[in-house]
Amino acid sequence: MEPLKQIDLVIEDIDSNELKPKVSDDELVFGTHFTDRMLVREYSNEKWQTGKIQKFHNFSMSPASLVFHYGQAIFEGLKAYKQINGDIALFRPDKNAQRFYKSAQRMVMPPIDPEFFVESIKKLVALEKGWIPTKLGTALYIRPTMIASEAILGVRPSHEYIYFVILSPSGPYFKEGFAPTKILVEDKYVRAAIGGVGEAKTAGNYAASLYAAVKAKKQGYSQVLWLDSLHKKYVEEVGAMNIAFVLDDVIYTSPLKGTILPGVTRDSVLQLSKDLGYKVKEEALSIDKIEETIESGHMTEIFGMGTAAIIAPVGGIKYKDDILTVGDGNIGKVTAELYEQLTGIQYGKIEDRYDWITKVVD
Ligand SMILES: Cc1ncc(COP(=O)(O)O)c(C=O)c1O
């Protein structure tokens, strides 16, 4: 096992009587509990300062900080898994480091060196390993974030930033767990346009999605399926997941053309699908074709893919006034196979043949 690399990071002591009580695996939902420590690193005077692992705390910031007004903020999401042999594993953290780097560039923020990104997370997770839940489907969710902290009004890139990482022991993203969800196809509002910031993991993309998401929730749908902004015809992705369609045994997913988030899970699932012998096409399907092939029985499965949601079977969709059941409304064969493969590698039940796993050691 590789030893931890030397990086510009100090670890502050916390008194053991300040530690919070742990939460049992059965009580865990997504994103409500936070561990005892966090990582904080400030950018000022044109450089990143020494990173610090500190007690989890609130920030004190000027109300004039640029992030509050103009939304210069990016984030990431990855997980630490407790594997069946007790090892602690991160899943493809280098991909998150690269995406964070690109998001920073797109939002004119100072990038974090990918080595610091990965190594500092390994240190933080090692210190907080007692918080990693063990039950299948649970994990320690890791949220690296960067915000513009300079206190000044005026639309321009900040000269000061805070990078921080918080950890949240988490259960299933959807209350259903690994069970079919229903999604609503949004035909009026759009998430991203060509030339915009759709492929960056920036806070504004999520703020812009809320109106449609609330509308969908009111109708009983857990997520919105976005269509392209130009024709309102081709499917793009779901609120917090990429999406795939099984049509005549071929797995389709939208191509990476700048408007969707290049998902780590999407990339992994495409590889695993090929390994299972499926043909994969990175091609955007039109909503008309999806409706037509669900009705004719050729489209047998739809599933979402994302770190938080893992693989999420979609049992039904609504588009305008049409309400359709996908297949028989239950979890399909391809979806179940891919869930087994992906979680098998993450939890150490299946060989990590692509070196996707980074072990965390003390
Ligand atoms: C909009 C959006 N698309 C797709 C994904 C899936 O990406 P990943 O598999 O890297 O978690 C996410 C989750 O982060 C997301 O927020």
Side-chain angles (χ1 to χ4, degrees), residues 30-31 73-81 90-103 106-107 114 117-118 121 137 139-146 165-166 168 170 172-174 181 183 186 189-193 196-213 216 222-229 235-245 251 253-273 282 284 302-312 314 335 338-339 341-343 345-346 354 356 358:
F30 190 84
I74 57 170
F75 64 97
E76 266 305 322
L78 64 159
K79 283 175 173 171
Y81 303 87
L90 302 177
F91 185 71
R92 308 187 77 183
D94 50 309
K95 297 284 277 180
N96 298 92
Q98 284 161 15
R99 192 168 64 191
F100 198 67
Y101 197 99
K102 283 197 179 154
S103 296
R106 181 66 180 85
M107 303 310 290
F117 182 99
V118 174
I121 286 176
L140 186 68
Y141 186 76
I142 305 165
R143 170 52 60 83
T145 307
M146 194 199 302
V165 183
I166 53 175
S168 175
S170 291
Y173 190 71
F174 294 118
T181 66
I183 54 178
E186 175 55 54
Y189 301 103
V190 295
R191 178 186 174 274
V197 293
E199 68 183 339
K201 204 161 167 63
T202 183
N205 282 337
Y206 297 84
S209 74
L210 297 177
Y211 193 87
S222 62
Q223 293 263 305
V224 168
L225 174 57
W226 298 105
L227 297 178
D228 76 284
S229 62
V235 294
E236 298 244 303
E237 64 178 331
V238 184
M241 310 183 287
N242 296 114
I243 186 119
F245 303 86
I251 300 175
T253 194
S254 306
L256 303 178
K257 289 199 174 156
T259 54
I260 66 170
L261 196 79
V264 178
T265 319
R266 174 189 180 280
D267 186 79
S268 313
V269 164
L270 291 185
Q271 182 60 54
L272 296 173
S273 302
E282 292 182 62
I302 302 180
F303 59 89
M305 315 167 263
T307 299
I310 317 175
I311 302 244
V314 175
T335 309
L338 287 167
Y339 180 87
Q341 286 291 317
L342 181 68
T343 55
I345 294 174
Q346 290 168 336
Y354 296 111
W356 283 345
T358 294

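Read the numbers this way: they start at 1 and go in the same order the structure lists the ligands and their atoms. Quick note: residue numbers are just sequence positions, from 1.
- Under the side-chain hydrogen bond (donor to acceptor under 3.5 Å, both in side chains) criterion, E237 pairs with R191, N242, sequence neighbours left out.
- Not counting sequence neighbours, the partners of S268 by the side chain to side chain contact (heavy atoms under 4.5 Å, CB included) test are F91, R92, V264, L342, W356.
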Worked verdict on Y141 versus R143 for side chain to side chain donor-acceptor pair (under 3.5 Å): CA-CA 7 Å; Y141 186 76; R143 170 52 60 83; 2.9 Å; yes
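- Evaluation of the salt bridge (charged side-chain N to carboxylate O under 4.0 Å, His left out) rule for E236 yields no partner, not counting sequence neighbours.
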Would you mind listing each N/O atom of ligand 1 next to any protein N/O under 3.5 Å, plus the distance?
{"unit_1": "ligand 1", "atom_1": "3 (N)", "unit_2": "E237", "atom_2": "OE1", "d": "2.6"}
{"unit_1": "ligand 1", "atom_1": "9 (O)", "unit_2": "V264", "atom_2": "N", "d": "3.2"}
{"unit_1": "ligand 1", "atom_1": "9 (O)", "unit_2": "T265", "atom_2": "N", "d": "2.9"}
{"unit_1": "ligand 1", "atom_1": "9 (O)", "unit_2": "T265", "atom_2": "OG1", "d": "2.5"}
{"unit_1": "ligand 1", "atom_1": "10 (O)", "unit_2": "R99", "atom_2": "NH1", "d": "2.8"}
{"unit_1": "ligand 1", "atom_1": "10 (O)", "unit_2": "R99", "atom_2": "NH2", "d": "3.1"}
{"unit_1": "ligand 1", "atom_1": "10 (O)", "unit_2": "V264", "atom_2": "N", "d": "2.8"}
{"unit_1": "ligand 1", "atom_1": "11 (O)", "unit_2": "T307", "atom_2": "N", "d": "2.9"}
{"unit_1": "ligand 1", "atom_1": "11 (O)", "unit_2": "T307", "atom_2": "OG1", "d": "2.6"}
{"unit_1": "ligand 1", "atom_1": "14 (O)", "unit_2": "K201", "atom_2": "NZ", "d": "2.7"}
{"unit_1": "ligand 1", "atom_1": "16 (O)", "unit_2": "K201", "atom_2": "NZ", "d": "3.2"}
{"unit_1": "ligand 1", "atom_1": "16 (O)", "unit_2": "Y206", "atom_2": "OH", "d": "2.6"}

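- Atoms CG and CZ, from D94 and R99 in turn, are 11.5 Å apart once rounded to the nearest 0.5 Å.
- A donor-acceptor pair under 3.5 Å is absent between the side-chain atoms of S170 and the main chain of L140, judged by distance alone.
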